[in-house]
Every structure is written in structure tokens, then in C-alpha cells.
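All values below were derived from every heavy atom in this structure, side-chain atoms included, with hydrogens, water molecules and symmetry-related copies excluded. Within every chain, numbering begins at 1; the chains are lettered A, B, ... in the order of the sequence lines, protein sequences first and strands thereafter.
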Number of protein chains: 2
Amino acid sequence: MPNQARPGTGEQAKQLALGQLREAILRGDMAPAQRLVENELAEQFGVTRASIRAALIELESQGLVERIRNRGSRVRVVTVEEAVAITECRLVLEGLCAAKAAAAVTDAQVTELKDLGTSMRKAVADGEPLTYSDLNHELHARIREFSGQLTAVELLERLNAQLVRHRFQLALRPGRPQQSLSEHLAMIEAIAARDPQAAEAAVRAHLTSVIEALRD
Amino acid sequence: MPNQARPGTGEQAKQLALGQLREAILRGDMAPAQRLVENELAEQFGVTRASIRAALIELESQGLVERIRNRGSRVRVVTVEEAVAITECRLVLEGLCAAKAAAAVTDAQVTELKDLGTSMRKAVADGEPLTYSDLNHELHARIREFSGQLTAVELLERLNAQLVRHRFQLALRPGRPQQSLSEHLAMIEAIAARDPQAAEAAVRAHLTSVIEALRD
DNA sequence: GCGAACAAAATTGTTGACAATCTTGTCTGG
DNA sequence: CCAGACAAGATTGTCAACAATTTTGTTCGC
């Protein structure tokens, strides 16, 4: 169960620190490879070093930061090759989720997916890559959710967190949304048709294309 | 990068505690759902609570223990449904690794796999399910290793750690090694033939059979 | 006898100080 | 001028004590 980042509620210090740090890294506030000194972070977030420490240990095993014995922590930089390897894992895991989802979706959920599809079509037509990227993300999340495969969902969320930086670069590439759109619509179509094999194939095709785009 | 459990070397207290605790859980020394009290563990392993605490946090995000706020930690029990879900993830990820391995193995590595195959055949013929289980484990590990897919390997090791208890139950089931053997030999055959699609299919077939066996 | 309020025990969460380790800059000898 | 030893500073690792929380057992009122 991934830790939700909800600063502000009456959480314990460690959870608060974890949430804040995680958000900061995901938002890009911390430069890549930036050093994370426990004392500075503790003062910055208003908690003690022990809490920061616990948060860093957790973030390390989520692959967001790197820790070296007696040398400190830094935000992990994901090379292009790693991004490809991560996306290959996403490919098979999201394929699994899509197949499961195709076998289990309700009518209401199909409607929701189709609505997302039309929104995406509109975003591309209006030339709003930012909105499209958000919808894209949401579509993948919904498919994961509908699959009911809790283990796969957890792994995927961990993997996705490592790709934030690369995701932005990809979304703003000219021509990319157009190609991506048709692939996404095919995924929706296959799930709506309750065809697990087709759904898995569509997801694989989409992420294969993402991998090619990553290797610009 | 998963933390290797190598107690005895001059590691730091937290790493030592982590290794010992992990080994103890994996070996089954800790009963399922057993309470893990920080003070007791600290005394038992000869380290302070802080080290135990850090170790527990890490083990939690590896899915080996469960931690509830102000209530303590216990070794996580994996239900049969969870074991199935985990094995479904293994299915797709090991499929990916097998395909990659088939595309990249050297001749020496093929020889190694075939040797493993004959050893497994012998273990089944001699009726040694324990030896066979070990070889089984090693075969899977080798295939992962030969794939060069670091991200997938890391995910798989995490997943496998959660299945120790179920693995034992499966290995000792009468008739199971015989069926498992032919599936494993097919995997080796496909990788030796450098056929990625066949390798992926063989792994999927094998783990599908494992899932069915899990649902006794 | 039963339920709720309350008190005591056990356990985790937090804090600040201290020790061990690594990095960096300086100095000495060649 | 350079290599290696050495000392100073910075940073992480460890520790023991304290605070907060939850659980459990007990007592009181009905």
C-alpha cells in the first residue's frame, strides 16, 4: 500500500516528512542528483532528523533516492536506459492489468473510460498537451484500478514515480500526442469489447511506441 | 538493489539487524502473524531499537512485515489470493526476462542452463523434492540474471521473498515435480533456441500451471 | 451480572546528544 | 612541483531517555 502524500492532516511526523519530501521530488523542486542532507531537510520541514531518516529509507526502497553508507542521500537520476527498462516492466504489468480489467469491467466503468477517450480526443484537437498528459495519466490509473490486481498496481505506482522527469519531456514533444491518442483509443476499445487478449496487445503496442519515443 | 543478507561481515548495526531479521522471516523462524516487538528484537540481535526500527521500515516496504501506527509490527501473512496475484505478476515479469534472455544468452550460459536441466531431471528421478526445489529456484534466478533487465530482477526478488511459505507447500506436493519438470525443460529449450516468443510462452505456461496448483 | 469510565502497563514515536566515518584542505618531505 | 600523511570539518550512524498512544485489567454505578 503506497503512502499517500497528504500533508496538513494530523499525521505523524515521519509520515508528514515522507509526504512532503516525496511531493517535492516528484514536483521537481529538488534538482536531479541534488544532495539531501538530513539536518537541512529536518529544519526545512520542521521535524527531527529521525523522521527524515525514516522517510529517506522508505524513499530509497521506492527508488526515488539513493543512499550511500556514511555519505548521504541524493535524488536518484534515471538514465534513459533505465527509463526504457522501467517502461518494459510497465509494458508487461499494465498488459496484465488491462487483460484483467477487460474481463471484469462494469458498464458504468466502460462509460467512464469512453468519456475519458472523448476528453483526450478534444485535448489533442485543441492542442493542449498538458491537459492531454493529465488525462493520459488518469486513463492508465483507471485501467489499473479496474483490474483489481492490487499487487500489480502497487508495483506500477512505484515504477511510475521514477519516471516523472521523463514523462514531461515526452508529453511536450510535437506530434507525440497524435500518435499516442490512437493507441489509447484502441486500448479503450478493446476493454469496452471485454476482449482480454486484445486489451493486453493494445497496451503492449502503446508502451512499445513509448519506448521507441524515449530512445529519441 | 536488494540488501544482501550477509551477517557476520563487518556491517553496520542496521544492516546486520536487517539481514538477520530478513533471514529469520524467510527461514520461517518467525511464525506467521507473529508480533515483532522492537525491544525484544533489539535485545535478541544485540543492537539498539533505532537499528531495528530502520530495518522494520525497510522490510515493510519490501512487503515482508506489516506495521500499524502505534500498534507495532508483525510478519505479513500472504493469503492464497495474494499469492496468486503475486504469481500473476511474476508470470509477466519472468516472461519479459525470459524473452530478453533468449535474445542475449551466450553459448556458455546455454550450457549452464542445460546442465541445470539434467540436474533437475536427476533430482526428480531420484525422488528428492527438496533438491529439486533448490534447483528450480536457481534456474529462475539464472534466467533473470541472463536477461540483464535490472529493474525486472529487482521487482521479482521482492515478489519472490513474499512467497517463501507457499513455495515450500508447493514443492512437497506429490506429483507436482513431475509436471513442473517438463515445463522447466521447455523453458530451457526455448532459450537455448534463442526464440524470445517461445521462451516467454514457456514461462507463462509454467507459471499458469503454478497458479492452478496454488489454488488447490 | 453488565457496561462504561478509569487507571496501569506495554509499546511505539520522538528528541537531543554522542560516536564513527567520510571528505576536504593543508602541510611536510622528497 | 608532487605524493602521501595528517588534521579539521561535515555528515551520517548509534544510543539512551522521554513523550504519546494504544491496549488491557479493574473498579464503580446501574
Looking only at the side chains, is there a donor atom on one of [X] and [Y] sitting less than 3.5 Å from an acceptor on the other?
X      : Y      : result
B:Q44  : B:E40  : no
B:R176 : B:S209 : yes
A:R22  : A:Q62  : yes

Legend entry - Option from B:L41, B:L16, B:D29, B:L26 for which side chain to side chain contact (heavy atoms under 4.5 Å, CB included) with B:L21 holds: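 The side chain to side chain contact (heavy atoms under 4.5 Å, CB included) with B:L21 is passed solely by B:L41 among B:L41, B:L16, B:D29, B:L26.
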Inset, instruction - Just do the salt bridge (Lys or Arg N to Asp or Glu O under 4.0 Å) check on B:E154 and A:R158 with the steps written out, would you? - result: CA-CA 12 Å; B:E154 194 178 329; A:R158 198 185 299 250; over 6 Å; no
Inset, instruction - On the 0 to 90° scale, with breaks at 30° and 60°, tag the B:H184-B:H140 ring pair as parallel, tilted or perpendicular. - result: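 Aromatic pair B:H184/B:H140 classed perpendicular.
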Take the protein atom [atom1] of [X] and the nucleotide atom [atom2] of [N], then report the distance between them rounded to whole Å.
X     : N      : atom1 : atom2 : value
A:E40 : D:dT11 : CD    : P     : 7 Å
A:L56 : D:dG13 : CG    : C1'   : 13 Å
A:R49 : D:dT14 : CZ    : P     : 11 Å
B:K14 : D:dT14 : NZ    : C1'   : 13 Å
A:I52 : D:dG13 : CD1   : C1'   : 16 Å
A:L41 : D:dT12 : CG    : C1'   : 13 Å
A:N39 : D:dG9  : CG    : P     : 17 Å
B:E43 : D:dC15 : CD    : P     : 14 Å

Legend entry - Expected output: side-chain B:R215 to main-chain B:V80 donor-acceptor under 3.5 Å: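 No; zero donor-acceptor contacts below 3.5 Å.
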Inset, instruction - Return yes if some donor-acceptor pair links the side-chain N/O of B:T111 with the main-chain N/O of B:D107 below 3.5 Å, else return no. - result: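 Checked: pair present.
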Legend entry - Other residues, nucleotides, ligands: >12 heavy atoms within 6.0 Å of A:L150 CG: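 At most 12 heavy atoms, drawn from other residues, nucleotides or ligands, come within 6.0 Å of this atom.
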Inset, instruction - Remember a base hit wins even if backbone is also touched, and classify A:L36 as base, sugar-phosphate or nothing at under 4.0 Å, heavy atoms. - result: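 Since only primed, P, OP1 and OP2 atoms lie under 4.0 Å of A:L36, the category is sugar-phosphate.
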Legend entry - Boundaries of the DNA chain C segment in contact with chain B, non-hydrogen, under 4.0 Å: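 Using the under 4.0 Å cut-off, the span is C:dT11 to C:dT14.
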Protein-nucleic acid N or O pairs under 3.5 Å, nucleotides 20-25 of chain D:
from, atom 1, to, atom 2, distance (Å)
D:dT21, O3', B:N70, ND2, 3.3
D:dT23, OP1, B:R71, NE, 2.6
D:dT23, OP1, B:R71, NH1, 2.9

